[in-house]
Amino acid sequence: MNRTKKFFYNSLTAASLQIITMLAGLIIPRLMLKVYGSEINGLVTSISQFISYFNLVSAGVSGAAIFSLYEPLAKKDYETVSGVVSATKDYYIKAGYFFTA
């Protein structure tokens, strides 16, 4: 399979995920309210906001880390891969401390 087909399938899968996530976001809150009531809906919303705040603190580091791994992985430069993964891990640890504070 060539790169163009892989890109197409990857893009199609990502778009499908976004559509399914959007539909679930419209349907699930109504079901939660109907079945469990407002208390559980409030709990789920609070947990979702907590996760959203952590994603905000991480500031897209995962995308940047993945992008920076393409070249070293293609060249089989495992020393650089290790450096990128270690730096990403350190950033996530610092972000976790910042978020906890």
Answer yes or no: is there a side-chain heavy-atom contact under 4.5 Å between Y36 and N41? no
For residues 63-74, which side-chain N or O atoms pair as donor and acceptor with protein atoms under 3.5 Å away, sequence neighbours left out?
from	atom 1	to	atom 2	distance (Å)
S68	OG	A64	O	3.2
S68	OG	A65	O	2.9
E71	OE2	K75	NZ	2.8

Validation: residues 15-29 side-chain donor-acceptor distances under 3.5 Å, sequence neighbours left out:
from	atom 1	to	atom 2	distance (Å)
S16	OG	L12	O	2.9
T21	OG1	L17	O	2.7

Does K5 have any salt bridge (charged side-chain N to carboxylate O under 4.0 Å, His left out) partners at least two apart in sequence or in another chain, and if so, which? none
Share the residues that join Y78 in a hydrophobic cluster, the rule being Ile, Leu, Val, Met, Phe, Trp or Tyr side chains under 4.5 Å apart at the heavy-atom level. none
Residues at least two apart in sequence or cross-chain that pass side-chain contact (heavy atoms from CB on, under 4.5 Å) with S82, listed by chain then number, are S86
Could you work out, with side-chain hydrogen bond (donor to acceptor under 3.5 Å, both in side chains) as the rule, every residue matching T80, not counting sequence neighbours? D77
With a 4.5 Å cut-off on side-chain heavy-atom distances among I, L, V, M, F, W and Y, is there a chain of contacts connecting F50 to I40? no
